[in-house]
Amino acid sequence: MLDIKLIRSNPDFVKEGMKRRNKDMDAVVDEILEIDAKRRELSTKNDGLKAEQNLASKKIPSMKKNGEDTTALMEEMKNIADEIKKDDSLISELETRQRELVLMIPNIPHQSVPSGKDDSDNIEARKFGEPTVFAYEPKAHWDIGSDLNILDPETAAKVTGARFHFYKGLGARLERAVINFYMDTHASRGYTEILPPYIANRTSMTGTGQLPKFEDDMFKLEGLEYFLIPTAEVPVTNMHRDEILSGKDLPIKYCAYSACFRAEAGAAGRDGRGLIRQHQFNKVELVKFVKPENSYDELEKLTGDAEYCLQQLGLPYHVVTLSTGDLGFSSAKTYDIEVWMPSYNRYVEISSCSNFEDFQARRASIRFKNDTKDKPQLVHTLNGSGLAVGRTVAAILENYQNPDGSVTVPKVLVPYMCGIEIIK
RNA sequence: GGAGAGAUGUCCGAGUGGUUUAAGGAGCCAGUCUUGAAAACUGGUGAUAUCGCAAGGUACCGUGGGUUCGAAUCCCACUCUCUCCGCCA
């Protein structure tokens with residue numbers, strides 16, 4: 001959510017920011033300004049009436065004590081009370097509408113974000129390793145998975161439906177090994193380990209920006225205002241919702257493993273096979289709460305922390321800076337880390353690291369004070385996958401496959417695989 | 001799932017329709033005293049949002065409604081916490 005004061009004082013800057021995202025929101029901004037002016041005028045008037053009412057409430061008891069007649073005053077106050085009630089409901093209507101409109105406006109891209117129309121304008125920031133070269137036609141991970149009998153989407157389709165997987169045997173162990181490797185790595189590098197609830201309420205989902213806009217992409221629990229989380233970002237960021245943190249505790253850094261649930265509405269047919277696009281997948285998420293002046297340094301560090309895991313695994317990847325046309329709704333700047341996927345013959349997103357600046361913090365009211373005497377100010381929030389686990393397993397199976405159909409376990413994972421070095 | 005109790009400022013806690021502009025205490029800040037500290041004493045101090053150049057106004061006693069000239073207080077609904085019972089990994 002953008003600051004209403006920014007919209008009020010610098011509407012052109014907001015409009016320009018939206019145009020960089022290829023969105024014309026001039027009409028929305030103008031309507032917000034109009035409603036805001038009306039709302040404030042009405043509110044000032046109504047506050048005056050309330051002041052009058054409060055004064056009368058103080059006078060009436062002493063008048064009664066002195067035996068004076070209060071019926072005239074009470075009659076007058078009744079009218080004022082009616083007017084206050086009318087104004088209050090009008091004001092709250094305006095507030096609701098204003099908030100609705102403000103929530104429609106995405107974050108303003110940071111000036112360092114390249115302008116562009118879509119993902120084709122993303123810019124490669126750096127590259128690690130080279131695409132894996134095979135002397136033979138490499139197999140896709142879903143074929144490897146079925147040949148080794150470690151991935152079983154067919155049974156999952158029977159038990160649940162499309163876009164679910166059973167992992168079996170060493171496949172299940174590999175998934176678990178990756179989770180543990182990621183969590184141990186981040187925990188040993190300064191992140192506090194979190195295991196969050198997988199269900200969040202509507203307020204939390206709104207706080208991090210999944211709602212109201214993306215309700216169709218979420219799984220909602222029947223008859224409840226509860227949602228399956230699409231990412232651990234939701235519960236972990238909301239841990240500090242409506243809190244005022246102490247400046248000396250910042251930056252706060254969490255790493256959280258969770259299963260993630262996405263309805264993938266509108267993705268029919270895309271990435272139909274394998275582990276790339278599932279309704280339920282595992283992910284380790286990194287979340288940071290930082291002071292505004294550090295947030296862009298922290299974004300570089302967070303991206304680096306996610307990259308470190310891929311380096312340890314020896315998987316080729318590159319990092320791209322998302323252009324304004326590909327930037328997520330709440331983000332001011334995002335790096336995507338993409339891992340080399342031989343079956344796709346291209347890099348595939350395995351992490352998305354974003355600085356939301358104060359956009360989420362304002363929605364969720366997450367603030368800090370350096371000193372108890374200071375005015376609280378909004379923190380900046382960041383998060384990034386560290387990393388997507390299912391896609392990691394897919395990348396391992398494909399990049400580490402051998403001509404005989406077996407898969408070599410990356411060295412760092414061998415201890416997590418109880419010493420197993422090859423899956424065959 | 002059943003029964004009961006509760007939610008008040010940074011914390012504890014009083015308050016069941018109008019001298020409550022939320023008592024009192026703790027904490028915090030300043031001062032007195034002291035070689036210094038503690039203690040004691042004196043004074044100050046809720047947090048936040050919003051409107052205003054300012055003075056100041058308004059809102060906020062779990063949340064949302066309602067009654068009333070006036071609600072922390074009465075009514076309705078909801079959420080959460082605690083205790084006991086039942087069930088359960």
Side-chain angles (χ1 to χ4, degrees), chain A residues 1-9 32-103 195-207 211-212 220-227 235 238-249 259 358-379:
Chain A
M1 184 167 72
L2 291 180
D3 190 356
I4 181 63
K5 285 182 193 136
L6 174 70
I7 301 174
R8 199 185 287 152
S9 65
I32 289 169
L33 292 175
E34 203 179 307
I35 289 174
D36 182 55
K38 217 185 285 175
R39 194 202 91 238
R40 287 194 294 157
E41 188 194 326
L42 199 57
S43 176
T44 305
K45 176 199 149 205
N46 204 31
D47 282 356
L49 291 179
K50 282 180 181 171
E52 203 177 322
Q53 185 181 58
N54 289 342
L55 210 66
S57 294
K58 259 178 252 172
K59 238 161 63 181
I60 287 173
S62 65
M63 283 170 75
K64 278 190 170 171
K65 207 158 117 191
N66 297 336
E68 296 173 50
D69 181 21
T70 60
T71 50
L73 184 57
M74 279 192 187
E75 195 54 39
E76 187 189 338
M77 285 305 114
K78 193 173 175 56
N79 292 333
I80 286 186
D82 284 346
E83 192 166 355
I84 287 172
K85 199 184 252 181
K86 225 184 297 163
D87 287 351
D88 270 341
S89 77
L90 202 54
I91 288 167
S92 92
E93 258 172 56
L94 289 171
E95 275 171 350
T96 305
R97 178 65 184 151
Q98 179 174 323
R99 185 177 163 81
E100 242 170 52
L101 290 168
V102 172
L103 285 179
L195 199 55
Y198 295 175
I199 296 173
N201 60 31
R202 179 174 288 276
T203 312
S204 296
M205 296 287 282
T206 306
L211 297 181
K220 186 173 190 239
L221 269 60
E222 177 94 41
L224 294 169
E225 290 296 290
Y226 286 173
F227 298 82
N238 278 286
M239 285 168 75
H240 295 299
R241 172 156 50 80
D242 297 323
E243 286 186 5
I244 297 174
L245 304 165
S246 165
K248 63 176 191 298
D249 294 335
D358 60 14
F359 193 85
Q360 283 184 331
R362 182 171 299 104
R363 265 187 188 215
S365 187
I366 307 170
R367 293 169 295 176
F368 77 99
K369 284 197 229 182
N370 279 320
D371 189 85
T372 46
K373 298 221 183 333
D374 291 347
K375 227 177 122 60
Q377 55 174 321
L378 295 165
V379 299

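Numbers restart at 1 for each chain; the letters A, B, ... are given by sequence-line order, proteins then strands.
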Check: Using atom C1' of each nucleotide, how far apart are B:U68 and B:A55 to the nearest Å?
Finding: 33 Å

Check: At under 4.0 Å, does any side-chain N or O of A:Asn201 touch on OP1 or OP2 of B:U79?
Finding: no

Check: Contact class for A:Arg362 (heavy atom, under 4.0 Å): base, sugar-phosphate, or nothing?
Finding: nothing

Note to self: Measure NZ/A:Lys50 against P/B:U21 and give the value in whole Å, please.
What the structure shows: 17 Å

Next item on the list: Could you tell me which residues satisfy side chain to side chain contact (heavy atoms under 4.5 Å, CB included) with A:Ser365, sequence neighbours excluded, listed by chain and number?
Entry: A:Asp242, A:Arg367

Next item on the list: State which residue, out of A:Arg99, A:Glu100, A:Gln98, fulfils the side-chain contact (heavy atoms from CB on, under 4.5 Å) condition with A:Thr96.
Entry: A:Glu100

Margin query: If I take atom CG in residue A:Leu55 and atom C1' in nucleotide B:G18, what distance separates them, rounded to the nearest angstrom?
Written below: 14 Å

With the criterion being N/O to N/O and under 3.5 Å, what pairs connect the protein with nucleotides 7-9 of chain B, and how long is each?
none

Notebook entry, point to check: What's the NZ-P distance between A:Lys58 and B:U20, to the nearest Å?
Noted result: 12 Å

Check: What is the distance from CZ of A:Arg241 to C1' of B:U48, rounded to the nearest Å?
Finding: 17 Å

Notebook entry, point to check: If you pin A:Arg40 and A:Asp47 to their nearest nucleotides in RNA chain B, which one's is more 5'?
Noted result: A:Arg40

Next item on the list: Let me see the working for A:Thr44 and A:Asp47 under side-chain hydrogen bond (donor to acceptor under 3.5 Å, both in side chains), right down to the final yes or no.
Entry: CA-CA 5 Å; A:Thr44 305; A:Asp47 282 356; 6.0 Å; no

Check: Taking protein heavy atoms under 4.0 Å as touching, what does nucleotides 62-71 of chain B look like 5' to 3' if B marks base contact, S marks sugar-phosphate-only contact and - marks none?
Finding: -----S-BS-

Notebook entry, point to check: Between B:A26 and B:G17, how far is it from one P atom to the other, in whole Å?
Noted result: 30 Å

Check: Below 4.5 Å, heavy atoms only, C-beta onward: do A:Glu225 and A:Lys220 meet side chain to side chain?
Finding: yes

Checklist line | Length of the line joining A:Asp87:CG and B:U50:C1', which is rounded to integer Å | finding: 16 Å

Check: Looking at A:Lys59, does any N or O in its side chain come under 4.0 Å of the phosphate oxygens OP1/OP2 on B:U19?
Finding: no

Notebook entry, point to check: Closer to the 5' end of RNA chain B via nearest nucleotide, is it A:Asn54 or A:Thr44?
Noted result: A:Thr44

Note to self: Output the rounded distance in Å from CG (A:Leu49) to P (B:U50).
What the structure shows: 22 Å

Notebook entry, point to check: Within less than 4.0 Å of OP1 or OP2 of B:A49, is there a side-chain N or O belonging to A:Arg367?
Noted result: yes

